[in-house]
Amino acid sequence: MTSPLVPRMAEHTTSIFGEMSTLATQVGAINLGQGFPDTDGPHELKRIAMDAIEDGRGNQYPPPHGLPLLREAIAAHQERFYSLQVDPGPGVVVGTGASEVLQSALLALVDEGDEVVMFEPWFDIYGAGISLARGVRVGVPLSGPALRPDIDALRAAMTPRTKVLLLNSPHNPTGIVFTVDELRSIAQVAIEHDLIVISDEAYEHLWFAGHQHTPIATLPGMFDRTITVGSGGKSFSFTGWKVGWASGPADLIGAVRVVRQHLSFVSGGPFQYAMAAGLGLPDQYFAEFRADLSAKRDLLAGGLAELGFGVLMSQGTYFLTTDVGRFGYDDGLSFCRDLPDRAGVVAIPHQALCDDPAIGAPYVRWAFCKQPSVLHEALERLEKGLT
Ligand SMILES: *Cc1c(COP(=O)(O)O)cnc(C)c1O
């Protein structure tokens, strides 16, 4: 029987995360493939969600675009960290994770044949979102040994059909954080070509010493053309709660709202109370969160380097990138397919997150958002299995 699936989704049938996680379960491997922390976020936020359930707050449909309390907290957060003024009324929308907000934005803004430009490799749901919208994805490789955005290549990718620039910094999978200079150059291209920018800032609080996240919406001429997306799951280490949001000018957010209300209608009520409190946590929370993750990054990066991997030091996110080391592999995909059997560890090849396999072939993504004991164990297994 032929598949009933619409043809444009056929290429999205399997995901590399599913494939690798299945392998991991089959052989009992340590999963450094999937990006979720193995320790929960602040207990006080759990308490707030539990109290909300207990007290009957948010147990029935909350307002479609988010609890006013949470929308106000998002606006206050944008002002506090970035001096961005957003209107918590029409300028903010809450959804079921950053994922739903991103897909809603693509469905709201991209029409058949419209081109969406993004740096390659990319976060896997972008491709599916663009296909759902019947848009055309256009990849611009992150280039050179440091995997930086190439502005000339970005400019060369522009056509009369280019409508949206989909940005992600701190960047998954590479772990790079775009510099202000890079963002300025990107902004210039967006302004010259009158693009809408969807800026996926799911890792906005996860950057390490020497780097800092700057929302592109803070640059001159950019607020009015930018949808800035945040993830409560990533910022507060509750990825299972699925609360995300976008903020920006009322016309762009209004368009996202139109689509989003017809997808999940609303996002989990009790969790929204907890996320509102999370956004107001003191600076110390965010600093400690970064410090904790930074130590885990150093542990994994140091261990992998000792084993002979070339490590591209992560500047932010949960992830670091390496080459496939001196272990006899031509590319990351074959390395990652062998790794569970050889060493009992799972990682993700960049290749699976690129249209042009040549771009990602040399690289592998490793998640370090795991307890130190897990990272130590993974390193020991790699040492035994690979050397
Ligand atoms: C995890 C992630 C998301 C999705 O966030 P949710 O809030 O879990 O939906 C979006 N973008 C990037 C780059 C991510 O890594």
Side-chain angles (χ1 to χ4, degrees), residues 15-18 20-21 31-38 40-41 45 66 70 74 77 92-107 116 118-130 137 139 142 147 149 164-178 197-207 213 215-216 227-247 256 260 263-264 266-268 271-272 274-276 278-279 289 293 314-321 348 350 352-354 365-369:
S15 99
I16 189 70
F17 301 101
M20 290 300 159
S21 293
N31 194 346
L32 302 187
Q34 257 186 338
F36 59 87
D38 62 355
D40 288 346
L45 300 191
L70 176 54
I74 292 162
H77 170 275
V92 177
V93 58
V94 173
T96 303
S99 307
E100 189 200 28
V101 176
L102 286 162
Q103 303 304 46
S104 303
L106 288 168
L107 287 166
V116 179
M118 53 195 183
F119 289 104
E120 192 169 357
W122 55 66
F123 182 55
D124 68 330
I125 70 168
Y126 301 163
I130 295 164
R137 61 173 188 267
L142 291 168
L147 300 177
V164 170
L165 179 59
L166 178 41
L167 275 191
N168 170 223
S169 177
H171 184 263
N172 177 5
T174 60
I176 68 163
V177 175
F178 289 29
V197 175
I198 302 175
S199 184
D200 178 354
E201 303 183 10
Y203 297 100
E204 64 187 308
H205 289 294
L206 292 178
W207 39 265
H213 171 63
I216 196 165
I227 296 172
T228 301
V229 178
S231 165
K234 298 288 162 63
S235 288
F236 304 107
S237 304
F238 289 113
T239 58
W241 288 7
K242 296 302 294 185
V243 179
W245 47 82
S247 61
V256 177
R260 206 218 54 78
L263 297 180
S264 68
V266 295
S267 169
F271 296 132
Q272 294 189 40
M275 290 299 178
L279 289 164
F289 184 33
L293 205 63
S314 170
Q315 304 173 341
T317 73
Y318 289 158
F319 309 109
L320 64 84
T321 291
I348 298 290
H350 279 205
L353 307 169
C354 294
R365 185 193 88 170
W366 308 80
F368 51 77
C369 49

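What you see is a predicted model; the values in this text were computed from it and never measured. In listed order, ligands and their atoms are each counted from 1.
- Within 4.0 Å of ligand 1, the residues that place a heavy atom are G97, A98, S99, L102, F123, N168, N172, D200, A202, Y203, S231, K234, K242, listed by chain and number.
- Between the side chain of H171 and the main chain of F123, no donor-acceptor pair closer than 3.5 Å is present.
- Between P170 and L206, the shortest heavy-atom distance links the atoms CG-O, 3.8 Å.
- Judged by distance alone, with hydrogens and angles left aside, the side-chain atoms of T228 form no donor-acceptor pair with the main-chain N or O of S199 at under 3.5 Å.
- A side-chain donor-acceptor contact under 3.5 Å links S314 to the backbone of F319.
- If you look at Y203 and Y318, their ring centroids are closer than 6.0 Å.
- Between Y126 and F119, the distance separating the two ring centers is not shorter than 6.0 angstrom.
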